Number of protein chains: 2
Amino acid sequence: METINIPTQTFKALGDPTRQQILGLLSDQELTIAQVAGHFDMTRAGVKKHMKILEEGRLITVRPKGRERLNSLNRDGFSAVADWVGYFDQFWDEKLNALKALVEEDLK
Amino acid sequence: METINIPTQTFKALGDPTRQQILGLLSDQELTIAQVAGHFDMTRAGVKKHMKILEEGRLITVRPKGRERLNSLNRDGFSAVADWVGYFDQFWDEKLNALKALVEEDLK
DNA sequence: GACAAGTAATACCTTTTGGTATCATATTGG
DNA sequence: CCAATATGATACCAAAAGGTATTACTTGTC
């Protein structure tokens with residue numbers, strides 16, 4: 001049996017509107033925490049907590065540049081979600097096959 | 001600009017291990033709330049709440065059968081997640097194109 | 001050392017999670 | 001048909017987790 005690891009932390013990270021917006025911002029360009037905070041009515045500390053959750057969900061990565069730390073999207077988390085959803089594609093395939101078998105049985 | 005609606009409720013529904021397990025059970029067969037509760041150390045009322053969240057995330061549907069109500073997977077939620085992830089695929093494409101452009105610039 | 005970015009600690013409030021209790025409804029047996 | 005039973009829906013409550021603001025501390029660059 002083929003198993004798949006469930007990206008719980010990734011889904012949790014995605015289940016918040018603020019974090020979704022942050023991802024949207026980062027899809028344009030990499031940003032510091034202060035720059036992200038500039039787009040919201042929120043303190044740097046508040047943004048930082050969301051960034052940590054996004055990082056734990058492997059949706060962003062951080063790289064130092066001078067005295068700043070630039071945050072950018074990380075493909076890992078997105079791939080994990082895509083894989084997980086793909087796993088359930090089996091289900092729909094089997095369901096369609098079962099339906100097809102039923103129909104063919106009817107035609108006999 | 002092409003927009004995409006963000007399935008927040010769906011991600012929220014997916015961000016819980018118990019609900020993920022429930023989806024796994026339902027990928028085998030449709031089940032009543034009582035049957036789902038049989039797989040967990042949880043009351044029917046507790047399970048019911050998870051089912052409601054899954055339903056709001058369009059991950060399951062319910063159909064009545066006698067005095068029972070059978071729960072099964074709903075493709076809508078899964079499709080929404082797939083679409084959303086697909087939207088971010090653009091990002092990786094653009095990033096690769098930018099990289100390619102840089103490399104070609106270098107070769108001049 | 002001064003400044004700006006980042007991080008840590010704390011407190012407050014809201015949301016989520018799960019339990020118990022209760023009620024309505026549908027089925028089944030007598 | 002009526003009583004007993006099983007299912008599921010809902011209301012209320014307590015504990016836990018999550019979100020935000022405030023304040024203060026650390027670190028890196030100039």
Side-chain angles (χ1 to χ4, degrees), chain A residues 6-26 28-74 77 81, chain B residues 6-26 28-74 77 81:
Chain A
I6 309 172
T8 308
Q9 287 184 300
T10 305
F11 283 130
K12 253 186 194 158
L14 289 171
D16 178 274
T18 301
R19 290 194 284 270
Q20 290 172 352
Q21 285 183 262
I22 292 174
L23 293 179
L25 292 176
L26 294 182
D28 272 343
Q29 53 187 320
E30 48 186 5
L31 297 170
T32 65
I33 287 183
Q35 288 172 322
V36 172
H39 285 80
F40 296 93
D41 190 17
M42 203 187 309
T43 61
R44 283 188 313 250
V47 170
K48 164 65 179 168
K49 286 191 184 174
H50 284 297
M51 301 306 267
K52 188 180 180 189
I53 294 173
L54 287 171
E55 204 178 348
E56 287 169 350
R58 293 180 304 153
L59 289 161
I60 66 171
T61 51
V62 191
R63 92 182 159 85
K65 184 187 179 186
R67 68 176 166 182
E68 298 181 334
R69 304 177 56 99
L70 294 175
N71 301 269
S72 50
L73 296 189
N74 177 9
V81 171
Chain B
I6 309 174
T8 307
Q9 286 185 301
T10 305
F11 283 131
K12 257 189 192 154
L14 288 171
D16 179 274
T18 301
R19 290 194 284 269
Q20 290 173 351
Q21 286 183 261
I22 291 175
L23 293 178
L25 292 176
L26 295 183
D28 272 342
Q29 54 188 317
E30 49 186 3
L31 296 170
T32 65
I33 287 182
Q35 289 171 323
V36 172
H39 285 82
F40 296 93
D41 189 17
M42 204 189 306
T43 61
R44 270 171 302 168
V47 170
K48 163 68 179 165
K49 289 177 190 173
H50 283 298
M51 303 305 268
K52 187 181 179 188
I53 294 172
L54 286 171
E55 202 179 349
E56 287 169 349
R58 292 179 305 153
L59 289 160
I60 66 171
T61 51
V62 192
R63 93 184 156 83
K65 184 185 178 188
R67 68 175 166 185
E68 299 180 335
R69 313 199 57 171
L70 294 174
N71 300 270
S72 50
L73 296 188
N74 177 10
V81 171

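Quantities reported herein were computed from a predicted structural model and do not represent experimental measurements. Letters A, B, ... are given to chains in the order of the sequence lines, protein chains preceding strands, and every chain is numbered from 1.
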Hey, does the side chain of A:R67 come within less than 4.0 Å of C:dC3's phosphate (OP1/OP2), counting only N and O? no
Bounds of contact between DNA chain D and chain B, in 5' to 3' order, using a heavy-atom cut-off under 4.0 Å: D:dT5 to D:dC12
B:G77 and B:T10 have their tightest heavy-atom pair at O-CG2, 3.8 Å
Which part of the nucleic acid, if any, lies within contact of A:K65, taking any heavy atom under 4.0 Å across all strands shown: a base, the sugar-phosphate backbone alone, or nothing? nothing
Between atom CG of A:D16 and atom CZ of B:F11, what is the distance when rounded to the nearest 0.5 Å? 12.0 Å
Specify the residues of residues 35-48 of chain B, ordered by number, for which at least one heavy atom lies under 4.0 angstrom from an atom of DNA chain D. B:R44, B:A45, B:K48
For the pair made of CZ in B:F11 and P in C:dT15, what is the distance, rounded to whole Å? 22 Å
Contact check, side chains of A:L23 and A:I60, non-hydrogen atoms, under 4.5 Å: yes
Computed from five pairs at either end and rounded to 10 degrees, the angle between the axes of the helix from C:dG1-D:dC30 to C:dG30-D:dC1 is 30°
Interatomic distance where NZ belongs to B:K12 and P belongs to C:dT17 [whole Å]: 9 Å
By nearest heavy atom, map A:G15 and B:R69 onto DNA chain D; which one lands nearer the 5' end? B:R69
By side-chain hydrogen bond (donor to acceptor under 3.5 Å, both in side chains), B:Q35 pairs with (sequence neighbours left out) B:T32
Specify the residue among B:G66 and A:K49 whose closest nucleotide of DNA chain C lies further upstream toward the 5′ end. A:K49
Name the residue closer to the 5' end of DNA chain D, choosing between A:H50 and B:A34 according to the nucleotide with the nearest heavy atom. B:A34
Tell me: CD of A:E68 to P of C:dC3, nearest whole Å? 18 Å
With a 4.5 Å limit on heavy-atom distance, are the side chains of B:L25 and B:L31 in contact? yes
According to the side chain to side chain donor-acceptor pair (under 3.5 Å) rule, which pairs have a member within residues 60-74 of chain B, sequence neighbours left out? B:E30-B:R63
Using atom types as modelled, flag every donor-acceptor pair under 3.5 Å from a side chain in residues 41-55 of chain B to any protein atom, sequence neighbours excluded.
unit_1 : atom_1 : unit_2 : atom_2 : d
B:T43  : OG1    : B:G46  : N      : 3.2
B:H50  : ND1    : B:R19  : NH1    : 3.1

In whole angstrom, what separates B:D16's CG from C:dT16's P? 12 Å
In a check of side chain to side chain contact (heavy atoms under 4.5 Å, CB included) between A:L59 and each of A:V81, A:L14, A:L73, which one passes? A:L14
